[in-house]
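Below, chain A is the first sequence line, B the second, and so on; all start at residue 1. Since we're looking at a predicted model, the values are computed, not measured.
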There are 2 protein chains.
Amino acid sequence: MKRDSRLSGLLHVLLHMAGREEPVTSETLARIMQTNPVVIRRIMAGLRERGHVRSGKGHGGGWVLACDLADITLRDVHEALGEPQLLAIGHRTEAPSCLVEQAVNAALADSFREAEAMLLARLGTITLAMLHADFSTRLALRARPEGSCP
Amino acid sequence: MKRDSRLSGLLHVLLHMAGREEPVTSETLARIMQTNPVVIRRIMAGLRERGHVRSGKGHGGGWVLACDLADITLRDVHEALGEPQLLAIGHRTEAPSCLVEQAVNAALADSFREAEAMLLARLGTITLAMLHADFSTRLALRARPEGSCP
DNA sequence: CATCATGTAATTATAAAAGTTACATGAAAA
DNA sequence: TTTTCATGTAACTTTTATAATTACATGATG
């Protein structure tokens with residue numbers, strides 16, 4: 001199965017937008033992400049509808065963050081993408097007439113629901129501000145590798 | 001993304017084999033599963049290597065369970081399938097040079113690892129015997145719907 | 001009003017599972 | 001021992017999802 005990497009990509013874009021006052025064009029973001037501007041517009045659409053980002057047309061247009069990084073969780077971003085499937089495995093048939101298959105589906109559904117709920121809850125606790133802090137830490141570590149003096 | 005339903009399908013097949021002494025052919029199992037015999041052989045291969053089932057060629061050949069249903073967990077079956085991806089979402093790049101993307105990947109990886117571990121642990125607690133019991137319960141309920149007298 | 005940037009529909013490329021075909025291997029029956 | 005049956009696999013096709021691309025409409029700015 002092909003894994004959906006839109007969440008990862010969208011987070012990447014959002015962090016690159018952080019701190020910038022001027023709008024960033026889809027063209028620029030696409031270069032950072034090594035993809036196509038249309039892909040950027042597509043994955044940003046949900047965030048715009050939810051008011052997390054704003055977009056402007058024409059000269060000086062582009063994308064800007066519309067709220068604080070601390071106010072967006074990874075779950076928000078996931079929802080903005082239309083809440084795509086989190087689990088890669090599923091049932092063969094949605095409403096099987098076979099009782100054996102019904103039992104299998106019921107058992108799997110319970111576990112999968114639990115795992116999804118747990119993952120969603122976890123995503124809800126991580127804000128973009130936390131990711132940004134993590135990024136800053138990495139930047140400091142790279143600039144001043146372990147063992148070196150401040 | 002297309003969801004992997006091999007686990008569900010394999011469990012279905014195994015439960016249909018339960019209790020049968022004589023070998024069941026891939027042909028028969030494929031009819032039950034409404035699929036192709038080759039698909040059956042493919043998903044059963046891992047279980048055979050691990051000794052959970054045996055297969056025989058020629059006349060009177062086919063598949064038989066090689067152990068008690070209580071001794072196979074859903075996790076065993078998942079492993080027999082080659083431990084396919086459980087999560088449908090992943091990273092864009094495996095080893096990104098961009099520090100921002102590294103931070104994103106690290107944050108996601110933590111949560112995903114946790115969710116996967118939790119799901120695997122859960123699968124490890126469910127045996128085929130439990131699924132079989134669930135099936136039997138459903139059978140009894142269908143034969144004697146709620147409200148009817150024993 | 002020309003240019004720039006988004007908005008979106010339509011099309012093509014890509015990747016993984018599922019399904020199919022073809023044939024080799026080996027066991028049991030005739 | 002030869003025929004038949006069933007597995008074991010490799011190779012190929014189909015299916016279905018995301019991702020990438022193309023094309024063009026919309027609207028803002030200089």
Side-chain angles (χ1 to χ4, degrees), chain A residues 1-10 12-13 17 22-49 53-64 66 78 80-94, chain B residues 1-10 12-13 17 22-49 53-64 66 78 80-94:
Chain A
M1 145 244 24
K2 198 174 190 173
R3 296 174 88 185
D4 181 346
S5 67
R6 286 178 299 165
L7 179 61
S8 156
L10 188 42
H12 188 184
V13 162
M17 287 169 61
E22 335 74 62
V24 192
T25 66
S26 306
E27 175 68 34
T28 300
L29 293 173
R31 256 199 308 278
I32 292 172
M33 292 273 299
Q34 299 176 77
T35 183
N36 194 291
V38 177
V39 173
I40 300 293
R41 293 184 196 124
R42 202 146 53 199
I43 63 179
M44 298 284 277
L47 286 171
R48 182 185 52 229
E49 283 161 20
V53 298
R54 272 190 295 268
S55 64
K57 291 179 173 179
H59 283 104
W63 301 90
V64 283
H78 175 250
L81 283 171
E83 303 193 59
Q85 282 294 339
L86 288 173
L87 296 179
I89 59 185
H91 309 145
R92 253 171 26 89
T93 320
E94 216 43 62
Chain B
M1 142 244 26
K2 199 174 187 172
R3 295 173 89 185
D4 182 346
S5 67
R6 286 178 299 165
L7 179 62
S8 157
L10 189 42
H12 187 184
V13 162
M17 288 169 61
E22 334 76 60
V24 192
T25 65
S26 305
E27 174 69 34
T28 301
L29 293 174
R31 256 200 308 278
I32 291 171
M33 291 271 301
Q34 301 178 77
T35 182
N36 194 290
V38 176
V39 173
I40 301 293
R41 296 186 194 121
R42 204 144 55 197
I43 63 178
M44 298 285 276
L47 286 171
R48 183 185 53 230
E49 284 162 20
V53 298
R54 273 191 295 270
S55 64
K57 291 180 172 179
H59 282 104
W63 301 89
V64 283
H78 176 250
L81 283 171
E83 304 192 58
Q85 283 292 340
L86 288 172
L87 296 179
I89 57 184
H91 309 144
R92 253 171 26 89
T93 319
E94 216 43 63

Just N and O in the side chain of [X]: are any of them under 4.0 Å from OP1 or OP2 of [N]?
X	N	result
B/S5	C/dA17	no
A/R54	C/dT6	no
A/R3	D/dA19	no
A/R48	C/dT6	no
B/R41	D/dT7	yes
A/S55	C/dT6	no

> Just by distance, with hydrogens left out, do A/S5 and A/S8 show a side-chain donor and acceptor under 3.5 Å apart?
Replying inline: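 Distance-only check fails for A/S5 and A/S8.
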Roughly, in whole Å, what's the span from [atom1] in [X] to [atom2] in [N]?
X	N	atom1	atom2	answer
B/N36	D/dT14	CG	C1'	13 Å
A/K57	D/dG30	NZ	P	17 Å
A/L7	D/dA17	CG	P	20 Å
A/D4	D/dA20	CG	C1'	15 Å
A/I40	D/dA19	CD1	P	12 Å
B/M44	D/dG8	CE	P	9 Å
A/L87	D/dA17	CG	P	17 Å
B/E22	D/dA6	CD	P	14 Å

>> Any base atoms under 4.0 Å from A/G62, or only sugar-phosphate, or nothing? Heavy atoms, all strands.
In response: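 Result for A/G62 = sugar-phosphate.
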> Taking all atoms of both residues into account, what is the closest heavy-atom pair of A/P23 and A/V64, and its distance?
Replying inline: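 Closest heavy-atom pair between A/P23 and A/V64: CA-CG1, 3.5 Å.
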> Tell me, do B/M17 and B/L29 make a side-chain contact under 4.5 Å, heavy atoms counted?
Replying inline: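 Counting from C-beta outward, B/M17 and B/L29 do come under 4.5 Å.
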Side chain of [X] (C-beta onward), nearest among [options]:
X	options	result
B/T25	C/dT6, D/dT7, C/dG19	D/dT7
A/S26	C/dG7, C/dT6, C/dT20	C/dT6
A/H59	C/dA18, D/dG30, D/dA19	D/dG30

> Quick one: on DNA chain D, does B/P37 or B/R42 contact a more 5' nucleotide (nearest heavy atom)?
Replying inline: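 It is B/P37 whose nearest nucleotide is closer to the 5' end.
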> Relative to the 5' end of DNA chain D, which residue comes earlier, A/G58 or A/V38, by the nucleotide with the nearest heavy atom?
Replying inline: A/V38
> Pick from A/V38, A/I43, A/V39: which one makes a side chain to side chain contact (heavy atoms under 4.5 Å, CB included) with A/R41?
Replying inline: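 So the option named by the test is A/V38.
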